[in-house]
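We number each residue from 1, following the sequence as shown.
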Amino acid sequence: MANLLTVPFKKTYFVDVKEPTRNYLETHTDAHPEAFKADLNQWQQLRKATVDVSVHVNAVEKLIKYHAQLLSILTKLPADIGLEISYASVFPPNNLPVTLRNLGFERASVLFNLAALYSQLAAKEDRMHLEGIKRAISYYQNAAGTLSYLRNFALPKLVFSPQDEEIPLDLSTDFVHSLEWLMLAQAQECFWQKAKIDQFKSGLIARLAANTAACYKLSISKIRDATPPIKHLFPSDWLAHIEAKEHHFDAVANFRKSMEEIDNSNYGHEIAYLQQAHYEAKRASEIARKGRVAAAVQGDIQSLMVAVDTGLKRAERDNDFIYHKDVPAISTLPPIPHAAIAQLTTPAGLSNPAKGVHMIMGEMLGWGAQEAINIYNDRKKNLVKDQISDKSKELKDTADAVLHDHNLPASLEALERPAGLPPSLLKKAEEVRMENGPKKIDSWFEDLQKQAKHVTNILDEAIDILDNEATEDEIARESGDLARPPSHDANVDLIQKEQRYRAILQQAALSDETVRRKWEEWEENIMELIISEAELEALVPSSTSSKRRTPEAAVTQRYARNLRVLLESLDTVHADRAQIVRRVESLAEADDIRPHILKAATKLQSLEEMQPAMFENVLDEELAKYDKYCQLLADNAQKQEDILSSIEADNEKFLSSRKDDPSIKEREHALQSLDLSYHKYREISGNLQEGIKFYNDLAGLLLQFKDSCKIWCNHRQEEIHSLTQSTLDDTDDDVEVLDDEDVNEIEEDVDTPSLPTREPSEKAKGKMPVRLPPLSSSDWGFEEISLPPGPAEAKKKKNRVPI
């Protein structure tokens with residue numbers, strides 16, 4: 001019947017669920033998409049059935065079944081798998097589709113449509129008969145229960161991302177809650193109608209009507225008090241309908257209560273309730289008339305007003321001539337008790353999804369569990385790198401730096417081998433000789449120069465593209481007025497970005513020059529490392545005079561032996577630490593947390609949406625196995641620190657005992673010079689390799705910047721064509737022009753990768769003329785630059801009606 005409201009469906013559209021899901025499985029999971037081909041086909045068929053829902057009881061089972069499958073899917077996949085889902089708003093004129101990449105949006109919309117289906121099934125029932133009323137009650141209670149389930153279980157998990165331009169307000173908590181109260185109110189109204197047909201006592205009917213009015217009041221209150229506002233989403237006649245119903249059933253409750261007072265011979269109370277019923281019925285009639293509520297509702301109110309007015313005239317006449325009872329103020333009378341008969345009834349298929357049926361993606365590991373595995377692997381990798389590998393390298397570098405500062409072991413080798421070359425130096429010279437070091441460095445310098453020239457050319461080509469566009473813009477302006485900013489205003493963000501890239505290249509060129517000067521400074525010394533062993537030995541003077549057995553020489557030999565023992569102990573510490581690192585790396589390589597996650601996942605409910613946080617205890621327990629290695633490394637570091645302290649102390653004594661022997665000093669200096677040449681060779685090699693990698697990474701970035709310039713210029717050219725065509729056709733169509741703010745919208749077409757970093761090694765930093773921040777640093781002032789939409793997109797955007 002037309003005196004109750006029916007919730008419309010949220011209209012949806014066909015989408016291909018298979019291709020985005022296949023892409024996600026292929027790129028984000030270990031599963032092979034072909035293994036789930038049947039599941040994806042089933043998913044596609046289930047969703048297809050929701051596009052055009054028929055108002056038939058059989059459609060209930062389809063929606064409930066699809067919801068159960070969505071529950072299963074959401075335990076296996078995250079909400080965003082790249083699948084774009086569109087649903088229109090419930091009421092016109094705001095029923096433009098909202099498109100989100102969110103499976104939670106799909107689930108919430110399916111539940112909303114299930115509630116709408118129940119309300120429409122209830123509306124189809126013939127409530128002139130008891131059986132029809134009973135079915136309508138059941139459907140309205142199911143509608144209210146479904147909306148309650150949606151509000152309590154689905155909406156809290158429907159999280160929108162900052163990138164979502166539109167949010168479906170008809171799936172806000174207040175919107176759904178208001179409809180929930182409305183469906184409960186209509187179920188309660190059906191109970192009231194049944195009680196009236198069954199001729200229940202007036203007191204019970206009054207209590208049923210009072211609770212019906214309360215439910216309508218809660219519904220309209222939710223709409224009015226909602227944050228953010230939702231009142232504008234409803235048709236105006238809906239708001240008037242709900243408010244009129246509230247006052248209508250307040251009048252019914254007071255009218256029926258007056259009839260109960262007649263039976264109890266409370267004639268004064270009877271008149272008071274009739275007066276209140278008259279006031280409420282009149283208020284309901286005014287609201288219904290002004291709000292153009294359905295004729296059936298206005299008819300019900302008018303019928304009630306006739307009965308109330310007739311009863312009030314009779315009661316006042318009888319009291320004036322017969323009873324002479326005082327009429328109390330309505331505020332002094334006790335409120336009418338409520339009889340809440342209608343209940344929220346959640347369909348069994350929602351509260352207890354079907355078991356024993358094939359669930360889509362049922363055999364796949366849940367996304368939360370898979371994400372927990374990924375989190376564990378990342379934590380494990382970072383732990384091994386930061387606390388084991390990098391820490392070990394840091395300790396080794398610290399020890400090498402201390403030895404280098406004290407000219408060890410060169411000073412010992414000069415004493416122990418007064419003639420010839422130490423084995424360690426021979427080994428280093430052999431490395432440089434086998435690598436043909438100087439020639440390789442010259443080759444790297446050539447590659448570096450080529451790469452620098454290549455990236456500079458790319459940037460020049462990008463700016464040439466912008467210059468050509470500016471020239472075309474000037475020519476177009478000479479032929480007529482253009483209703484858009486000139487190029488030098490519109491491309492300001494792109495020009496600023498080009499200037500920042502140019503500054504980066506200039507700083508990189510300074511770094512390259514620093515490395516070249518370093519090579520020129522040390523080239524001659526490094527060249528000595530590639531000469532023959534005999535020639536190299538001739539460069540190092542001998543110190544045979546140190547062999548004289550004097551008391552001073554004996555002391556020197558004693559300190560030398562002590563230092564040699566300490567250096568051997570330091571080598572043992574290094575070897576032990578390397579062994580710790582190898583053990584940890586082997587453990588990490590074989591460490592598979594998947595069985596532990598699977599075991600924990602089986603303890604969770606089958607359709608519970610798994611979150612990575614649920615497995616935190618498992619992750620912590622498994623990572624604890626690395627604690628003992630961290631402790632071993634800490635003990636090793638302490639042992640190294642003690643040895644280095646002893647080396648520094650004994651080296652002071654060693655140096656003091658031999659400070660007067662010039663031949664040893666001369667030999668030490670020669671050996672130290674060759675050793676330092678080797679380290680400078682390695683340092684320069686590393687600088688050049690870092691530089692070549694830097695330019696390679698920057699080349700890719702600049703190519704994308706060049707593409708962005710091309711896209712922007714193409715849009716500008718299309719805009720000129722559109723504006724020119726519009727002028728020729730003499731039409732009134734507006735073409736949105738590009739302004740400074742529009743420049744922030746186009747680069748979405750081109751993904752901007754993270755900027756490469758080029759930082760000198762720790763040893764090279766002291767020689768660098770300028771210390772550059774990494775290219776990804778905020779010091780460069782980078783920001784994302786978006787380009788404007790083309791004329792077609794701009795026109796669509798301009799004509800868009802906001803939801």
Side-chain angles (χ1 to χ4, degrees), residues 448-509 512 694-727 735-756 758 775-776 780-797:
L448 188 72
Q449 188 174 5
K450 290 178 182 177
Q451 289 289 343
K453 185 176 180 181
H454 175 60
V455 296
T456 302
N457 289 339
I458 295 174
L459 192 57
D460 290 340
E461 290 169 3
I463 204 65
D464 287 344
I465 292 172
L466 296 179
D467 289 342
N468 291 337
E469 190 281 328
T471 302
E472 293 175 0
D473 184 72
E474 291 176 2
I475 294 173
R477 289 181 186 280
E478 291 176 358
S479 62
D481 291 336
L482 282 181
R484 68 173 190 172
S487 295
H488 66 268
D489 290 334
N491 67 8
V492 62
D493 287 334
L494 290 172
I495 293 297
Q496 288 176 355
K497 194 169 186 180
E498 181 272 337
Q499 291 171 349
R500 290 195 294 274
Y501 284 136
R502 190 78 64 183
I504 292 170
L505 287 176
Q506 291 171 356
Q507 294 288 354
D512 297 343
F694 164 81
Y695 283 121
N696 280 332
D697 294 342
L698 187 60
L701 185 59
L702 292 180
L703 283 172
Q704 294 213 2
F705 173 69
K706 178 181 173 182
D707 290 339
S708 298
C709 294
K710 287 180 180 178
I711 293 172
W712 185 83
C713 291
N714 288 338
H715 277 270
R716 293 274 290 184
Q717 290 170 351
E718 292 172 4
E719 192 176 59
I720 288 180
H721 175 75
S722 178
L723 289 170
T724 305
Q725 188 66 38
S726 176
T727 302
V735 179
E736 188 178 82
V737 299
L738 298 172
D739 54 27
D740 291 338
E741 294 180 359
D742 288 332
V743 181
N744 292 325
E745 292 182 17
I746 229 180
E747 264 194 341
E748 295 171 0
D749 296 338
V750 180
D751 295 331
T752 301
S754 59
L755 295 166
R758 183 183 182 188
L775 295 187
S776 58
W780 293 114
F782 284 141
E783 68 275 355
E784 293 294 330
I785 294 181
S786 303
L787 301 178
E793 291 82 359
K795 188 170 181 180
K796 291 179 183 176
K797 181 179 177 184

Closest heavy-atom pair and its distance - [X], [Y]:
X: Ala470; Y: Ser487; answer: CA-OG, 3.5 Å
X: Pro486; Y: Asp473; answer: CA-OD2, 3.7 Å
X: Ile458; Y: Ala699; answer: CD1-O, 4.0 Å

Between atom [atom1] of [X] and atom [atom2] of [Y], what is the distance when rounded to the nearest 0.5 Å?
X: Leu466; Y: Ile495; atom1: CG; atom2: CD1; result: 5.0 Å
X: Gln507; Y: Asp512; atom1: CD; atom2: CG; result: 11.5 Å
X: Gln499; Y: Gln496; atom1: CD; atom2: CD; result: 6.5 Å
X: Glu461; Y: Leu703; atom1: CD; atom2: CG; result: 8.5 Å
X: Ser708; Y: Lys497; atom1: OG; atom2: NZ; result: 6.0 Å
X: Leu698; Y: Leu702; atom1: CG; atom2: CG; result: 4.0 Å

Does any non-hydrogen side-chain atom of [Y] lie less than 4.5 Å from one of [X]?
X: Leu701; Y: Tyr501; answer: yes
X: Phe694; Y: Val455; answer: no
X: Leu494; Y: Glu498; answer: no
X: His488; Y: Val492; answer: no

For this session: Apply the test side-chain contact (heavy atoms from CB on, under 4.5 Å) to residues Asp467 and Asp464: give CA-CA distance (whole Å), side-chain angles for both, the deciding distance (0.1 Å), then the verdict.
Result: CA-CA 5 Å; Asp467 289 342; Asp464 287 344; 4.2 Å; yes

Problem set entry | Whether Asp489 side chain and Pro485 backbone form a donor-acceptor pair below 3.5 Å | no

For this session: Determine whether the side chains of Thr456 and Arg502 contain a donor N or O and an acceptor N or O closer than 3.5 Å.
Result: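 No.
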
For this session: In sequence, state the C-alpha distance, the side-chain angles, and the governing distance for Glu469 and Asn491, and then conclude on side-chain hydrogen bond (donor to acceptor under 3.5 Å, both in side chains).
Result: CA-CA 10 Å; Glu469 190 281 328; Asn491 67 8; 4.9 Å; no

Problem set entry | Ion pair Lys706/Asp460, N-O distance below 4.0 Å |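 Judged by the 4.0 Å cut-off on N to carboxylate O distance, Lys706 and Asp460 do not form a salt bridge.
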
